[in-house]
Amino acid sequence: MNPPPPTPLPPEAAAALHSVDWSTLEWQPVRRGIERKAFGSDQVTLALHRLMPGHEPRPHAHPNEQVMYILAGVLDVHVDDRVVRLGPGGLLLIPPNVRHYGVVVGDEPVLNLDVFTPARPEYLA
């Protein structure tokens with residue numbers, strides 16, 4: 001039995017369709033040792049971060065739920081009073097309004113993809 005044909009996108013969804021190639025986006029400086037590229041919509045933001053060894057960690061909290069995915073390097077993520085070490089392939093869910101920060105472990109830069117909901121429009125400005 002064959003699956004049904006795909007349903008075409010409604011016009012409003014087709015108009016909102018947007019794609020990007022990460023390699024075409026310029027790294028934006030965040031602060032000493034941290035750079036970002038971002039992509040998203042009104043509902044969700046994806047942020048690709050590059051953290052250099054010796055970067056300036058800053059504990060913070062925000063109302064957004066955050067999913068962190070490590071692509072390269074090793075990061076100690078401090079979440080409240082816990083420390084979670086993540087390497088390539090590591091995932092961590094950070095609840096809204098919880099104080100957290102990351103510290104690069106070793107000499108290799110960390111490349112991580114963060115997914116935020118609700119969206120963080122300030123990352124797209």
Side-chain angles (χ1 to χ4, degrees):
M1 186 167 175
N2 292 332
T7 305
L9 285 173
E12 63 277 5
L17 202 59
H18 179 69
S19 68
V20 69
D21 177 346
W22 280 119
S23 68
T24 65
L25 297 177
E26 290 188 31
W27 288 102
Q28 301 298 315
V30 175
R31 63 180 170 276
R32 186 179 63 78
I34 301 178
E35 299 173 308
R36 170 189 309 133
K37 296 181 180 189
F39 177 79
S41 70
D42 292 339
Q43 305 300 314
V44 65
T45 299
L46 281 79
L48 186 62
H49 286 99
R50 184 165 53 191
L51 290 76
M52 303 306 288
H55 72 93
E56 179 186 346
R58 286 193 187 163
H60 63 281
H62 42 71
N64 318 77
E65 185 171 63
Q66 177 178 349
V67 177
M68 180 181 285
Y69 176 61
I70 304 299
L71 299 163
V74 178
L75 189 69
D76 277 349
V77 185
H78 298 251
V79 182
D80 273 344
D81 61 352
R82 297 181 58 197
V83 179
V84 179
R85 181 161 288 182
L86 298 174
L91 285 159
L92 179 65
L93 175 65
I94 302 171
N97 304 308
V98 173
R99 186 176 165 96
H100 61 281
Y101 64 98
V103 177
V104 173
V105 176
D107 296 331
E108 182 183 348
V110 169
L111 189 62
N112 76 284
L113 182 66
D114 291 318
V115 180
F116 296 97
T117 183
R120 298 201 62 171
E122 71 275 19
Y123 280 18
L124 303 175

Closest non-hydrogen atom pair between V104 and M52, with its separation: CG2-O, 3.7 Å
Any L75 side-chain heavy atom under 4.5 Å of V105 side chain: no
Side chain to side chain contact (heavy atoms under 4.5 Å, CB included) assessment of V77 paired with V83: CA-CA 5 Å; V77 185; V83 179; over 6 Å; no
Single-linkage hydrophobic cluster, 4.5 Å side-chain cutoff, V44 and L113 together: yes
Any donor-acceptor pair under 3.5 Å from S41 side chain to Q43 backbone: yes
Heavy-atom side-chain proximity of R85 to V74 below 4.5 angstrom: yes
Y101 six-ring centre to R58 NZ/CZ under 6.0 Å and within 45° of normal: no
N/O donor-acceptor pair under 3.5 Å between D76 side chain and V103 backbone: no
Euclidean distance, M68 CE relative to Q66 CD, rounded to 0.5 Å: 5.0 Å
Centroid-centroid distance, F39 to Y123, less than 6.0 Å: no
Any side-chain donor near an acceptor of the partner, H78 and H100, under 3.5 Å: no
Rounded distance [0.5 Å steps], CG in N112 versus OH in Y69: 11.0 Å
Over all atoms of both residues, closest heavy-atom pair of P63 and P96: O-CB, 3.3 Å
Nearest heavy-atom neighbours spanning P88 and G73: CD-O, 3.3 Å
Common cluster, L92/L51, ILVMFWY with side-chain heavy-atom separation under 4.5 Å: yes
Single-linkage hydrophobic cluster L46~V20, side-chain heavy atoms < 4.5 angstrom: yes
Nearest-0.5 Å distance, CG of residue L48 to CG of residue L71: 6.5 Å
Cluster check L93, V115: I/L/V/M/F/W/Y, side chain < 4.5 angstrom: yes
Linked, directly or transitively: L86 and V79 (ILVMFWY side chains, under 4.5 Å): yes
Verdict with supporting geometry, T117 and N64, side chain to side chain contact (heavy atoms under 4.5 Å, CB included): CA-CA 5 Å; T117 183; N64 318 77; over 6 Å; no
D80 side-chain N/O to R82 backbone N/O, donor-acceptor pair under 3.5 Å: no
K37 (side chain) donor-acceptor with W27 (main chain) under 3.5 angstrom: no
Whether T45 side chain and R120 backbone form a donor-acceptor pair below 3.5 Å: yes
Inter-residue atom distance E35.CD - L111.CG, 0.5 Å rounding: 10.5 Å
Nearest heavy-atom neighbours spanning W22 and A38: CZ3-N, 3.8 Å
Distance-minimising heavy-atom pair for P57 and G102: CB-O, 3.6 Å
Considering all heavy atoms, the nearest N97-A61 contact: C-CB, 3.9 Å
Euclidean distance, R99 CZ relative to H62 NE2, rounded to 0.5 Å: 12.5 Å
R31 side chain to H55 backbone, donor-acceptor under 3.5 Å: no
Modelled atom types, side-chain donor and acceptor of H49 and D114, under 3.5 Å: yes
